[in-house]
Amino acid sequence: MVPHVVFRFFLSLAVSVLGGLLFTVIHTPIPWLLGPMIFMLLGSQAAKWPLTWPASIRDYGISIVGYSIGLTLTEEALHGILQQLPMMLLMTLLLIGLCVLTAYIGSKVTDFDFHSLLVGSIPGGLSQMVSLAEEMKSINLTLVTFLQVTRLIMIVFCVPFLLFSPWVGGTAVRGLDHPFIDVATWGSLFPEILVYAPLCVAGAWVARKLRFPTAFMLGPMIVMCVVQLSTTMHTPSLPTSLLNVSQLMIGSHVGLMLKPEQLQRKTQTVTLAVMSSVLLIVGALGLSYLL
């Protein structure tokens with residue numbers, strides 16, 4: 001007998017929350033994205049549980065991320081961007097060029113397709129790039145996710161080591177246990193969020209009608225950028241707990257989308273993922289010196 005869809009959803013929710021809590025306890029990076037993703041993968045593939053996660057919940061999670069990204073484009077930040085725009089564009093194009101070259105070489109020495117390798121290699125944020133891959137046809141989502149997760153893990157572990165190493169003139173920095181205090185609370189969202197939430201939903205709907213990539217992220221992001229730059233209205237930051245919820249909404253869906261049995265030539269894939277991540281870090285280090 002097939003379990004009722006409501007039972008399957010709440011079972012999936014329990015699995016995701018458990019994954020987020022465990023990854024938080026062991027202090028992994030972005031625990032509420034990786035934890036639910038890994039636990040949903042294990043629950044569906046290893047335990048064979050009847051897990052389900054509606055795509056609409058994923059879309060709402062992406063919209064929350066889009067709202068949060070839109071808040072970062074303040075007038076002060078815009079002035080700084082305009083002053084450094086030529087160099088920023090040059091650095092971005094060079095970094096993209098490095099990723100394109102890496103993906104091209106990888107497609108030639110392996111049997112993987114160029115498009116999947118390119119989306120998996122470019123540093124655009126794990127949730128954002130995986131969401132983009134879901135919307136693109138003929139993309140190997142499992143390969144893209146594996147490449148992106150490998151890149152993220154290597155960056156988290158390698159970059160701090162490089163920053164504080166004598167090779168780049170780094171020194172130990174004290175007092176980083178609590179680098180900032182999160183003052184955003186659920187109460188601080190009101191009443192402005194009652195206006196911004198419908199605007200973000202409308203922005204996502206318009207972006208989808210216009211066939212924007214990752215419309216549920218770009219729509220709210222553009223809306224909040226316009227609000228920030230054209231009005232004096234208060235735009236409240238999101239509390240950490242809400243951002244964690246959005247990551248769970250995205251990670252749970254991605255975990256179910258992963259199909260390890262579709263990951264061909266596992267040894268070759270792992271080698272490719274590690275090598276492409278190393279090249280990205282080395283290339284970014286070189287571009288940083290140039291900048």
- Message: Return the NZ to CG distance between K48 and L42, rounded to the nearest 0.5 Å.
- Response: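 The CG atom of L42 is 11.5 Å from NZ of K48, to the nearest 0.5 Å.
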
- Reported CG-to-CD1 distance for the pair L101 and I96, which is rounded to 0.5 angstrom: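 Going from CG on L101 over to CD1 on I96, the span is 13.5 Å.
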
- Are N244 and S241 linked by a side-chain donor-acceptor pair shorter than 3.5 Å?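 Their side chains do not contain a donor-acceptor pair, so the 3.5 Å distance test is not met.
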
Side chain proximity check, [X] to [Y], heavy atoms < 4.5 angstrom:
X: V65; Y: Q247; answer: no
X: L248; Y: V17; answer: yes
X: W49; Y: S12; answer: no
X: L94; Y: M91; answer: yes
X: C200; Y: S63; answer: no
X: M275; Y: T271; answer: yes
X: I57; Y: I250; answer: no
X: R8; Y: L51; answer: no

- Query: According to the interplanar angle, ranging from 0 to 90°, do the rings of Y104 and F114 count as parallel (below 30°), tilted (30 to 60°) or perpendicular (above 60°)?
  - Reply: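 Ring orientation, 0 to 90° scale: perpendicular.
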
- Task: Give a yes or no on whether the backbone of I69 and the side-chain of T72 come within a donor-acceptor separation of less than 3.5 Å.
- Result: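 Here the side-chain-to-backbone pair exists.
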
- Whether E192 side chain and T235 backbone form a donor-acceptor pair below 3.5 Å: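 Here the side-chain-to-backbone pair does not exist.
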
- Message: Quick test of your reading: applying side-chain hydrogen bond (donor to acceptor under 3.5 Å, both in side chains), list the pairs with at least one residue in residues 90-99, sequence neighbours left out, ordered by first then second residue.
- Response: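 Counting only pairs at least two positions apart or across chains, no side-chain hydrogen bond (donor to acceptor under 3.5 Å, both in side chains) contact touches residues 90-99.
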
- Minimum heavy-atom distance between C225 and L73, given as atom pair plus value: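 Minimum heavy-atom contact is SG-CD2, 3.6 Å.
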
- Under a 4.5 Å side-chain heavy-atom rule over Ile, Leu, Val, Met, Phe, Trp and Tyr, are Y67 and F190 clustered together?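 Result: yes, single cluster for both.
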
- Query: Please, which pairs that meet ring pair (Phe, Tyr, Trp, His ring centres under 6.0 Å) have at least one residue in residues 18-37, sequence neighbours excluded?
  - Reply: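 Every candidate ring pair (Phe, Tyr, Trp, His ring centres under 6.0 Å) pair involving residues 18-37 fails, so no pair, neighbours aside, qualifies.
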
- Message: Going by ring-ring contact (aromatic ring centres under 6.0 Å, His included), name the residues that satisfy it together with W53, two or more places apart in sequence or in a different chain.
- Response: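 Result, ring-ring contact (aromatic ring centres under 6.0 Å, His included) vs W53: F9.
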
